[in-house]
Every structure is written in C-alpha cells, then in structure tokens.
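Note sheet for the following structure.
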Amino acid sequence: MPTYRDEVVVLRTHKLGEADRILTMLSRRHGKLRAVAKGVRRTSSRFGSRLEPFMVADVQLYAGRSLDIVQQAESLGAYGADIVVHYDRYTAANAMVETADRLSEAEATPQQYLLLVGGLRALSRGDHASRAILDSYLLRVMALSGWAPSLSECARCGTPGPHTAFVAQLGGMVCPSCAPTGSARIGAGAVQTLEALMAGEWAVVDSAQAADIAAASGVIAAYTQWHLERGIRSLSHLEAPR
C-alpha cells in the first residue's frame, strides 16, 4: 500500500532543507516510523504545530523508498504545550520519548504506544510528580520489553523476599547469598515504592517518603540504562526527586 494511516507519537524532529522536517515517531500499528513532513517550518503550514515532539496525531503517510512522506495530520492529543512550560515535565517527557526511541523495532508494539501516550497525558495534566510518572513509565516499558525487574523474590535463585540488595545486572532484588560485594542497598520503603510504581498504585506513590522515592528513582535509572545498553542523556537533566 503506497498510502496508509496510523496514530503516532512524535518522538523527535530534525530540520531538513529550508522548510521541511524529518520526524521520528512511535506508531500504534506500524512500530517506529521515520517520515518527511514537507513545508512544516513555514508559518503557512496547515499542520506544522501538530507534528512537534510529545504530540499525538492521526497521520496519513505515503510509503517512500527510504523515508515516508506525511500527507495529512490531525491532532489527537496536544500535550506538548502543557509540557514544555514546566521544566520538570519537559525533562521527564524528553526521557520518556528518548527511551521509546531506543526500543528495537520488535519492541515497538501497540502496548508501548499506549503506555507512552498515557505517560505524556499524565505529565501534561500534572496528575502526579513528574519524576514519579517517568519512573512508572520506565518500569513498565522495561516489563513490556521482557525485562520486568524482580522485586518480591531473588532475581537469581528465586528465594522469597523481602531483600535489600538491588542489582541491575542480575535482574532486580537479590538475596544476601546472591548479592555481589558492594551491591546497592535499599530499604523496605523504597521496595514498596518500586512495587507501587510498577502497579500504578498512585496513593502509595504520592504518600511515599522523599528518601524512598529518591532511592527508587536511582535504581530504576540504573536498571533501565543497563538493559538499553547505553545512557539516557535526558536523565542527567532531571531534578532530584523531592
């Protein structure tokens, strides 16, 4: 089919020539897409504002040899405007779309698309602390990719918890017998926060102690970047959880 439609989240954009942009998008049915949006940098463009990062749109594309071409775009979620005016939301959203962009084509499923849309919607509304929304997204995106961390039992030998050592390389919480020397230790409150972030139990997350939130955020960042096999640059710009 030379022409097709899909719902997309715009992950990032690059300038092309004097008026065009190359878009990298996560779509609902076709995985990750790269397409040219012609003329969108002109003030007269009919849909330029609908194709900015963090925006969700219904697009019609023409299938090209190397890059597809955007023919139409209708807004489904204008989340960008409410995200970019808040530094904490903006940096969290950047980390989310950067993570989504790192997914392999096989991992870019409809569930990944819906998870990202939900996270950006929550950020735009300010439903919860921006870092908590990001942390929940990172845990869930890892789970959808087949890398759910073990939190209630030892990731290596299966011994029931609670445990206090978290080792990203081994897959999550590990028992004292399996924990390498110097393993990061976290308290019961941080483990409870991790479990709540994974399950979306926001009453627990919102009432968690600052130290537990900070500890949970630290191990989530380490775990995500270990499995992606490279750093997430946007994480360095995040404010510390409070």
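Here the structure is a predicted model, which means the values were calculated and not measured.
- Residue L16 holds its CG atom at 10.0 Å from CG of L23, rounded to the nearest 0.5 Å.
- Note: the hydrophobic cluster containing L103 also contains L144 (ILVMFWY, side chain heavy atoms under 4.5 Å, direct or indirect links).
- Across every non-hydrogen atom of A100 and K32, the tightest pair is O-CD, 4.0 Å.
- One N or O on the side chain of S207 and one on the backbone of A203 form a donor-acceptor pair closer than 3.5 Å.
- Side-chain N or O atoms of Q225 include one that pairs as donor or acceptor with a backbone N or O of A221 at under 3.5 Å.
- Side-chain contact check for C157 versus C175: some heavy-atom pair is nearer than 4.5 Å.
- Both L76 and Y79 are members of a single hydrophobic cluster when ILVMFWY side chains are connected at heavy-atom separations under 4.5 Å.
- Counting heavy atoms from C-beta outward, L67 and I22 have side chains that approach closer than 4.5 Å.
- Residue Q192 places its CD atom among 12 or fewer non-hydrogen atoms of other residues, nucleotides or ligands, all under 6.0 Å distant.
- Grouping the Ile, Leu, Val, Met, Phe, Trp and Tyr side chains by contacts below 4.5 angstrom, directly or via other members, places V191 apart from V167.
- The aromatic rings of F54 and Y90 sit perpendicular to each other, their planes meeting at more than 60°, with 30° as the lower class boundary.
- T13 is listed as a side-chain neighbour of P53, based on a closest heavy-atom distance under 4.5 Å.
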